[in-house]
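Side-chain atoms are counted along with the backbone in the values below, which use heavy atoms only and exclude waters and symmetry mates.
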Amino acid sequence: MFEDRVPHHVAITPDGNGRWAQRRGLPRSEGHRRGARALQDVIGGALGLGVRFLSLHAFSTENWKRPASEVADLMDVYADYLAAHRTYFQNQGVRVRLLGSRHRIPDRLVREIETAEQVTRSNDRLTFVMCVDYGGRSDLLRAVDRIAEDARNGTLPDAPLDERTFARYLNRFDLPDVDLLLRSGGETRTSNFYLWQTAFSELAFLDKPWPDVTAEDLRQAVSRYASRERTLGGLGRQGR
Ligand code: IPE
Ligand code: MG
């Protein structure tokens with residue numbers, strides 16, 4: 001059993017929704033809808049396993065390159081998903097948080113996210129971090145901007161900057177490093193998701209498209225993660 005080796009923070013890049021739909025002669029939007037069902041199953045799985053943070057790269061800074069209609073479909077799917085599961089989150093102790101810049105996201109999704117954030121703010125069993133209009137590089141750049149600003153106004157903590165201080169500028173809330181990064185859809189890239197936060201992550205790539213991913217796939221990935229950890233012997237989670 002691996003209960004004592006469950007990753008604290010699992011980050012997911014859902015991929016393959018479009019191909020899942022196209023293979024069935026369905027519109028890509030249907031793939032995204034089915035992807036939301038997979039998300040719900042995986043969140044249930046994460047709760048069962050005792051994962052404390054689950055991040056989803058729901059919409060990347062690069063995803064704006066898609067046709068406007070597909071962008072709108074994806075945003076609608078997420079807004080519907082949050083509206084439909086707010087009570088579930090509340091009952092299960094899930095805290096919802098948005099990571100990414102809010103101002104380009106459609107109003108309705110911002111409203112749903114902010115309502116979910118508000119309603120679930122005292123939950124702490126599992127933090128579900130929805131990364132929307134999120135990119136690892138832009139995240140790093142914004143942190144550097146904030147550091148430069150504090151350097152200008154004289155409030156930067158002592159130089160040289162250390163990792164802990166940098167991480168505080170980077171993460172607007174207490175976001176732990178990613179232990180396990182999971183990507184579906186057969187591609188073996190991390191595609192500008194968390195960059196700083198995945199420095200020591202284990203990577204798991206699933207061939208199946210996101211709509212086919214289940215809680216059981218998460219359980220198996222966590223089980224593999226746990227056995228890999230064991231082969232690290234005494235080196236510990238961060239490879240030090
Ligand atoms: C992931 O699936 C959807 C997002 C979260 C952006 P894709 O839409 O990228 O699916 P494929 O890669 O075209 O199959
Ligand atoms: Mg894709």
Take atom [atom1] in [X]; do more than 12 heavy atoms of anything else shown fall under 6.0 Å from it?
{"X": "R37", "atom1": "CZ", "result": "no"}
{"X": "N153", "atom1": "CG", "result": "yes"}
{"X": "D174", "atom1": "CG", "result": "no"}

Got [X] and [Y] here, is their nearest side-chain heavy-atom distance under 4.5 Å?
{"X": "T127", "Y": "L54", "answer": "no"}
{"X": "L126", "Y": "R95", "answer": "no"}
{"X": "L218", "Y": "V10", "answer": "yes"}
{"X": "F193", "Y": "L181", "answer": "yes"}
{"X": "E112", "Y": "R86", "answer": "yes"}

Is the backbone N or O of [Y] less than 3.5 Å from a side-chain atom of [X], with the two atoms forming a donor-acceptor pair by type?
{"X": "W20", "Y": "P211", "value": "no"}
{"X": "R24", "Y": "A21", "value": "no"}
{"X": "N192", "Y": "G136", "value": "yes"}
{"X": "R125", "Y": "Q92", "value": "yes"}
{"X": "R19", "Y": "G185", "value": "yes"}

TODO: For side-chain contact (heavy atoms from CB on, under 4.5 Å), just list the numbers for F89 and I43, CA-CA rounded to whole Å, side-chain angles, deciding distance to a tenth of an Å, and then say yes or no.
DONE: CA-CA 10 Å; F89 294 147; I43 286 183; 4.3 Å; yes

Open item on the list: Check for me whether R97 meets the cation-pi criterion with F173, that is, NZ or CZ under 6.0 Å from the six-membered ring centre and within 45 degrees of the ring axis.
Closed with: yes

Would you call [X] and [Y] a salt bridge, taking side-chain N to carboxylate O under 4.0 Å as the test?
{"X": "R28", "Y": "E70", "answer": "yes"}
{"X": "E149", "Y": "R146", "answer": "no"}
{"X": "D80", "Y": "R33", "answer": "yes"}
{"X": "E202", "Y": "R224", "answer": "no"}
{"X": "K208", "Y": "D217", "answer": "yes"}
{"X": "R102", "Y": "E117", "answer": "yes"}

TODO: Apply side-chain contact (heavy atoms from CB on, under 4.5 Å) to the pair S55 and F128, showing each step before the final yes or no.
DONE: CA-CA 6 Å; S55 291; F128 169 44; over 6 Å; no

Side-chain donor-acceptor pair present, [X], [Y], cut-off under 3.5 Å:
{"X": "S191", "Y": "R183", "answer": "yes"}
{"X": "T13", "Y": "D15", "answer": "no"}
{"X": "D177", "Y": "W196", "answer": "no"}
{"X": "E114", "Y": "Q118", "answer": "no"}
{"X": "N17", "Y": "H32", "answer": "yes"}

Measuring from [X]:[atom1] to [Y]:[atom2], what's the distance to the nearest 0.5 Å?
{"X": "L161", "Y": "L156", "atom1": "CG", "atom2": "CG", "value": "6.0 Å"}
{"X": "H9", "Y": "T198", "atom1": "NE2", "atom2": "OG1", "value": "10.0 Å"}
{"X": "Y225", "Y": "D179", "atom1": "OH", "atom2": "CG", "value": "4.0 Å"}
{"X": "S60", "Y": "R66", "atom1": "OG", "atom2": "CZ", "value": "7.5 Å"}
{"X": "Y78", "Y": "I105", "atom1": "OH", "atom2": "CD1", "value": "11.5 Å"}
{"X": "D212", "Y": "L206", "atom1": "CG", "atom2": "CG", "value": "11.0 Å"}

Which atom of [X] lies closest to which atom of [Y], heavy atoms considered:
{"X": "V51", "Y": "H8", "result": "CG1-O, 3.8 Å"}
{"X": "F205", "Y": "E187", "result": "CD2-O, 3.3 Å"}
{"X": "V213", "Y": "S184", "result": "CG2-CB, 3.8 Å"}
{"X": "A204", "Y": "L180", "result": "CB-CD1, 4.0 Å"}
{"X": "A36", "Y": "V77", "result": "CB-CG1, 3.8 Å"}
{"X": "D124", "Y": "R52", "result": "O-NH2, 2.7 Å"}

- [ ] Using side chain to side chain contact (heavy atoms under 4.5 Å, CB included) as the criterion, point out the one residue from D139, D133, V132 that pairs with S101.
- [x] D133

Task: Joint hydrophobic cluster, V94 plus V119, side-chain heavy atoms closer than 4.5 Å - done: no

TODO: Go through the steps for L39 and Y81 under the test side-chain contact (heavy atoms from CB on, under 4.5 Å), then give the verdict.
DONE: CA-CA 9 Å; L39 171 62; Y81 172 76; 3.7 Å; yes

